Every structure is written in structure tokens, then in C-alpha cells.
**Student:** 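There's a structure below that I have some questions on.
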Amino acid sequence: MRIATWNVNNVVTRTERLLAWLASAQPDVLCLQELKVPTEQVPVAEIEAAGYAVAARGDGRWNGVAILSRVGLDDVTYDLPGQPEWDGVVEPRAMAATCGGVRIWSLYVPNGRTVEDPHYAYKLEWLAALRDTAVAELARPEPLAILGDFNVAPTDADVWDIAKFETSTHVTTAERAALTALEDAGLVEVMPRALKYDVPFTFWDYRQLAFPKNTGMRIDLVYGSSSFAGAVTDAYVDREARKPGTKGTPPPSDHAPLVVDVEL
DNA sequence: ATGCCGGGATGTTCCCGA
């Protein structure tokens, strides 16, 4: 079974790339983030024509998550229990489904912006709610996988130059402690291998030639229950999907897909 | 050269992303 996660940075702009990637990578389940369109604009017909059931929720401008599956899509739930609000709204940043016997979460963790910004406190509250959710989900009988854009680099090696992040979010002690709390709850991180360079970055900014210079970050992560993590046979970042297309075609997302193979 | 950001609405400029 092949399970993947991809922050697509607008699912309408990226529909053609999404369909091409489904055809080439052949995932059984794909978690998407940053749909950036209202739920009704998600290209459900095109995705279904490609052989996938889809459940999605978007809010129109930012956020938005989806799960695509060709191995069943059951018990779909939206939002974290106790998910904090932003500006009075529970944003569409988390959803779960049971696919092929695996309980799967698609997550888009808040960015945080700067450590002084209220968005950063929101991010930490959000990660605390995620930890509580993980505890509850680990009590379920199925193998559990939590995939998505965590907006946290687990170690200093997971950004291209830690010296550039002295005052930044994504690398703070508090954010990393939130990841450690997930592990303390019983989750295990599934580490992808690098297909090029030493660190399997998953994000490269659109600006300043970040992709060709490989000034990237590893912020899209996969955590699994021990039953899931123990069944992983391979995991990698598909850098090919981050490359620009031919002239005149839509640009890539700024994130690359993260692919996990499991034999359960 | 993979090559100097991209997407959206608040719209012809600004906010956001990480």
C-alpha cells in the first residue's frame, strides 16, 4: 500500500499536475493540503475519473485538506477534537479517514508567521490539540498514520542553514517539543530517504532560486503508530514533482510529495 | 541550467506563505 502527502498550494491551479502525479506515482491514498479553494471547487469529478474517492474541505482562500483513496474511504471526520479557532473560525486543517484498514490523517499545521505573532501561539495550541487527538486515535485498533505539512523542521539539519533561522518559527524549542510530545504519546516518525542531496527536504520557497540551490526545509512529515511504522518498506520525497514544467504550463507547488510504502 | 515567486482578494496593491 502506497500512502502519500502533498501540499499542493491550490488544488485548482494544480489539477493537471495532481492528475499526472497520481498516474505516475500510483499512490493508493493521497493526503492533500492547502487546497486554497472552497469545498465545492475541488475537482472531484476529475479525481474520481482517475479512480479515486475523495473527501475534502476548503475555506476558499487558505487552508483546505483532502484525502484521496482508491482502497476505500470510510469513517471520514473533519477537524481535531478541541481544535483551537483562528479569528473565531475552526479552519479546515485536519481530517481523517479509514482507507484500506489504515486510519489516516491529513494535516495542515498553522504556519505561526513569527514568534511574536498570535499565529504562533495558535500554532502551539493547535499542536497540543493534535497531541491529544493522537492519544485518542492510538487507542483505535487500526494502524495509524498522521501525514501532512507540519510547518516544523524536526532538527537543525532539516533546514538548509540553521544560522538563517535564529529568530524564525519552524525551528523553535517549543515547536520541536510539540513533535516530541507526539512521539511520547506513542507515534514514530517515518523518515524518508533522500533521492538527491543529503536531506530529504520537502519544501523550497519560490523565491531566490531556492529549489535549484536546494535551500529547502523538511517540514512535511509522517508519523505512524508502531504497527504502521514497523510495516514501512520505503519512504521518499518526490523531488521531480517540484520541478518547473515546460513554458506556459502552471508552476509546481512549493512542496514536493512525500511517499510511504507499507506492507500491512 | 530545474533559474531570480505565486496565488488570492482586500484587486492594478497588499497579504500570505515558511
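Proteins get letters first, then strands, A, B, ... in listed order; numbering begins at 1 in each. Predicted model, so just to flag it, every value in this text is computed and none were measured.
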**Student:** Over how many whole Å does the gap from A/R17 atom CZ to B/dG6 atom P extend?
**Tutor:** 11 Å
**Student:** I need the CD-P distance between A/Q208 and B/dA18, as an integer number of Å.
**Tutor:** 16 Å
**Student:** How would you label the contact of A/D220 with the nucleic acid (heavy atoms, under 4.0 Å): base, sugar-phosphate, or nothing?
**Tutor:** nothing
**Student:** Return the minimal non-hydrogen interatomic distance between A/T15 and A/P43, and the atom names on each side.
**Tutor:** OG1-CG, 3.4 Å
**Student:** Assess whether salt bridge (charged side-chain N to carboxylate O under 4.0 Å, His left out) is satisfied between A/R70 and A/D28, documenting all intermediate values.
**Tutor:** CA-CA 5 Å; A/R70 63 180 187 187; A/D28 294 299; 2.9 Å; yes
**Student:** Tell me: CG of A/N63 to C1' of B/dC16, nearest whole Å?
**Tutor:** 11 Å
**Student:** Distance between the C1' atoms of B/dC16 and B/dG11, in whole angstroms?
**Tutor:** 15 Å
**Student:** Taking only residues two or more places apart in sequence or in another chain, which ones pass salt bridge (Lys or Arg N to Asp or Glu O under 4.0 Å) with A/D238?
**Tutor:** none
**Student:** Tell me what A/N7 touches on the nucleic acid: a base, only sugar-phosphate, or nothing, going by heavy atoms under 4.0 Å.
**Tutor:** sugar-phosphate
**Student:** What is the minimum heavy-atom distance between A/A96 and A/R103, and which atoms define it?
**Tutor:** CB-NH2, 3.5 Å
**Student:** Looking at every non-hydrogen atom in both residues, tell me the closest pair between A/I146 and A/L107 and how far apart they are.
**Tutor:** CG2-CD1, 3.3 Å
**Student:** So which heavy atom on A/R14 is nearest to which on A/P251, and how close?
**Tutor:** NH1-O, 2.7 Å
**Student:** So among A/T172, A/N111, A/T169, A/T114, which one has a side-chain hydrogen bond (donor to acceptor under 3.5 Å, both in side chains) with A/Y120?
**Tutor:** A/T172
**Student:** Quick one: closest heavy-atom pair of A/N151 and A/E175, and the distance?
**Tutor:** O-OE2, 3.9 Å
**Student:** If the P atom of B/dC15 is compared with that of B/dG3, how far apart are they to the nearest Å?
**Tutor:** 30 Å
**Student:** Please give the distance between the C1' atoms of B/dT12 and B/dG7 as a whole number of Å.
**Tutor:** 15 Å
**Student:** Nearest whole Å is fine: how far is B/dC15 P from A/D59 CG?
**Tutor:** 19 Å
**Student:** How is A/N151 classified with respect to the nucleic acid when contacts are heavy atoms under 4.0 Å: base, sugar-phosphate, or nothing?
**Tutor:** sugar-phosphate
**Student:** Taking OP1 and OP2 of B/dG17, is either one under 4.0 Å from a side-chain nitrogen or oxygen of A/H170?
**Tutor:** no
**Student:** Write down the distance separating the C1' atoms in B/dT2 and B/dC14, rounded off to the nearest Å.
**Tutor:** 30 Å
**Student:** Can you measure A/F203 atom CZ to B/dC5 atom P for me and round it to whole angstrom units?
**Tutor:** 13 Å
**Student:** Can you tell me the distance, in whole Å, between the OH atom of A/Y122 and the C1' atom of B/dC16?
**Tutor:** 14 Å
**Student:** Can you name the atoms? Protein N/O to nucleotides 1-3 of chain B N/O, anything below 3.5 Å, with the distance.
**Tutor:**
unit_1, atom_1, unit_2, atom_2, d
B/dT2, O4, A/K196, NZ, 2.7

**Student:** Taking the six-membered ring for Trp, are A/F165 and A/W160 closer than 6.0 Å centroid to centroid?
**Tutor:** yes
**Student:** Has A/R113 got a side-chain N or O lying under 4.0 Å from the OP1 or OP2 atom of B/dA18?
**Tutor:** no
**Student:** Taking atom P in both B/dG6 and B/dA18, what distance in whole Å separates the two?
**Tutor:** 16 Å
**Student:** Is it the case that the base of B/dA18 and the side chain of A/N111 share a donor-acceptor contact (distance under 3.5 Å, atom types as modelled)?
**Tutor:** yes
**Student:** Please work out if A/Y108 contacts a base, only the sugar-phosphate, or nothing of the nucleic acid, heavy-atom cut-off 4.0 Å.
**Tutor:** sugar-phosphate
**Student:** Check nucleotides 7-9 of chain B for protein N or O atoms closer than 3.5 Å to its own N or O atoms and list the pairs.
**Tutor:**
unit_1, atom_1, unit_2, atom_2, d
B/dG7, OP1, A/R14, NH1, 3.3
B/dG7, O3', A/N10, ND2, 3.0
B/dG8, OP1, A/N10, ND2, 2.4

**Student:** Rounding to an integer number of Å, can you tell me how far A/D149 CG sits from B/dC16 C1'?
**Tutor:** 14 Å
**Student:** Which heavy atom in A/R17 sits nearest to a heavy atom in A/K243, and how many Å separate them?
**Tutor:** NH2-O, 3.1 Å
